[in-house]
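Presented below is the structure to which this report refers.
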Amino acid sequence: MSDALSITTLDVRNDSAKHHGHAGDDGSGESHFHVTLRSPDFAGKSRIARHRMVHKAMGAELVASIHALSLDLDV
């Protein structure tokens, strides 16, 4: 992802254990994530544009394999 975005802060938290037994829990322990990301590339971009940038950087296959992805994106 760092090739696609200039990242100043990146924190990935796996919240899957909080959702054990709920919809989308596939038992892998890797279904629900929260990402805090700061990048100067987000300057002047809307919330949706920022989300699209992250999804593109992650790639369609990775995004499709995650049930829930919470994004906290800022400059």
Under 3.5 Å donor-acceptor pairs involving side-chain atoms of residues 58-68, not counting sequence neighbours:
residue : atom : partner : partner atom : Å
S65     : OG   : L62     : O            : 2.8
H67     : NE2  : A23     : O            : 3.4

Donor-acceptor contacts under 3.5 Å from residues 34-44 side chains, at least two apart:
residue : atom : partner : partner atom : Å
H34     : ND1  : S70     : OG           : 2.8
H34     : NE2  : T36     : OG1          : 3.4
R38     : NH1  : D72     : O            : 3.0
R38     : NH1  : D72     : OD1          : 3.4
R38     : NH2  : D72     : OD1          : 3.4
R38     : NH2  : D72     : OD2          : 3.4
S39     : OG   : S6      : O            : 2.5
S39     : OG   : D41     : N            : 3.0
S39     : OG   : D41     : OD2          : 3.3
D41     : OD2  : S6      : N            : 2.6

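In this structure, the side chains of K45 and M53 come closer than 4.5 Å at one or more pairs of heavy atoms.
Taking hydrophobic clusters as Ile, Leu, Val, Met, Phe, Trp and Tyr residues chained together by side-chain heavy-atom distances below 4.5 Å, L5 shares a cluster with V12.
Note that OG1 of T9 is 12.0 Å distant from CG of L73, once rounded to the nearest 0.5 Å.
Nearest approach of A4 to A57, heavy atoms of both residues: CB-CB, 3.7 Å.
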